[in-house]
Chemist: 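A single structure is presented below for examination.
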Amino acid sequence: MRLVVRLLIALAVLVASTTSCAPAPGPDRSQPDGWDDALRLPRAVDRDPDPRTIEIELVARPAEIAIVPSGPTSMWTYDGMLPGPLIEASVGDRLIVHFRNELPEETTIHWHGVRVPNDMDGAPGHSQPPVPAGGTFDYDFVLPDEGLYWYHPHVRSAAQVGAGLYGAILVRAPDEPEIDEAVLVLSDASVRDEDGSLLPPDAGGDLATLFGREGNHVLVNGRVRPSILARNGRPLRLRIVNAAISRYFQIAVARHNFTVIGGDRGLSPSPRAVGRLLVLPGQRVDALLVPTGRDGETLTMRWVPYDRGYGSTEFRGEVELVAIELVGSAPAEPDAIPALPERSVEPLSTAGATRFEIDLTQETIDGRLVMGFDGAPSWDMTPIAARIGDTHVFTFRNTIEWSHPMHLHGYFFQAIDATGRVVPEWLDTIDVPVDGEASFVVHYDERPGMWMLHCHILDHADAGMMGMIDVAGPDGGGGHAH
Ligand code: C2O
Ligand code: CU
């Protein structure tokens, strides 16, 4: 009986979601039929009839995934898929996730980039206790900002994300432009070619941790080199998230430029043309590409080695990411890029800011690699104190031979360039290059609590390169829930 009821509900939800979605003023689907079949992400099933509430179930569990021909790879997944299902919503929607942990160890879910209340942030031991094996947790929060976000665990992050636990969240603005789009979740996996088995997360020891592990198979939406069809000369919107634990994605298409139209927090106030896209681990990039060529020609989107320190470019070749098969002959004039809705961002003021200069460091203690801030690993670090209303300026100086993509939980920040100018664009991840530094300004405007600040090379974060910011509430009391 219960099963029948559940099936009926599932069916009703399915019908509701297909009927409510058809006439939505979404992007114009003018690409050839089935153009994105090879890489379209399955969507999470919303079981709540209220259009402004997305209520889903999400299960973390082992599953067999096909990556190499020699055999399936035993991975850890959300809902048995790699990546996990795409959660699609509109700005202001409430998201309820009934999460169940069917992994053999504890985990949490962190909603990367989403401005969640602190107790929904998935930081184990700080914002919530970890969800034990067999346990459940309900995440429930509002999605306040447009853009592409993602979800991943924050327990043994390098091992768990590297085993396949990641998925994307797309939050649509009410004025989305009418452009064909593809959500691309980029990652990689360390898989033995002989039998498809996953390499252990500590393969290669401390040296591999120091470099940051890059999997030998690069994946786009969980697949190796999928192909799409694209109409010659028609703009395509690529909404990209880098979910790899260490790999930087530098992306190129021969003879083509990209127009970067957005980043970590949706559309940007100042679109710009670039020859190559750079997507740091954890970061999002929203870009337009107008694929143009001969009828039937295949363009290849490639991963191009990016210099993030020794070993990142030496003796390494390019990797094919996506094949783009052109349909139709090239138009005399490629389609104009449709007008984009305008966005404006005020530069954050640094007036009255407290300044922090932090060295990113590495040493060997008792024969073990330890990374950290100013010589202290996360487990020995005192949280940085702040209050709602405070402004902090951070400068991270790199003392290590490899770059670090630093990520802050809970708040967007703005970069300060080498001339001291605040760049009016919202970021949650910033690169600290080899032999260089990076500065940003953050204003703690709301949502007190303990927030993480760490390198998104997850091997580095796990080795200690992570601090905490303890933002006290307006009453001056400790903001964090325990
Ligand atoms: Cu994707 Cu702590 O972050
Ligand atoms: Cu790092």
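Counting begins at 1 with the first residue of the sequence. The figures here come from the full heavy-atom set of this structure, side chains too, leaving out hydrogens, waters and symmetry mates. Whatever order the structure lists ligands and atoms in, that order sets their numbers, starting from 1.
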Chemist: Output yes if H409 passes the N/O/S-under-2.8 Å test against atom 2 (Cu) of ligand 1; output no otherwise.
Modeler: yes
Chemist: Which angle, to the nearest 10 degrees, do you find at atom 2 (Cu) of ligand 1 between NE2 in H454 and NE2 in H154?
Modeler: 110°
Chemist: Could you tell me which N, O or S atom of H112 is nearest to atom 1 (Cu) of ligand 1?
Modeler: ND1
Chemist: Round to 10° and report the angle made at the Cu ion (ligand 2) by ND1 of H404 and SG of C455.
Modeler: 130°
Chemist: Any N/O/S atom, backbone or side chain, of H407 lying under 2.8 Å from atom 2 (Cu) of ligand 1?
Modeler: no
Chemist: My understanding is that only one of R343, R272, R265 makes a salt bridge (charged side-chain N to carboxylate O under 4.0 Å, His left out) with E425; could you say which?
Modeler: R272
Chemist: S90 and R172: side-chain donor and acceptor closer than 3.5 Å?
Modeler: no
Chemist: Got an N, O or S from H456 under 2.8 Å of atom 1 (Cu) of ligand 1?
Modeler: yes
Chemist: Check the side chains of Y411 and D428 for a donor-acceptor pair under 3.5 angstrom, ignoring hydrogens and angles.
Modeler: no
Chemist: Given L360, which of H460, M465, M371 fulfils the side chain to side chain contact (heavy atoms under 4.5 Å, CB included) condition?
Modeler: M465
Chemist: Checking side-chain polar atoms at under 3.5 Å, does T364 have a donor or acceptor matched by the opposite partner on R368?
Modeler: no
Chemist: So that I can check it, does any N, O or S atom in H460 come closer than 2.8 Å to the Cu ion (ligand 2)?
Modeler: yes
Chemist: Answer yes if the side chains of E55 and H98 hold a donor-acceptor pair under 3.5 Å, and no otherwise.
Modeler: yes
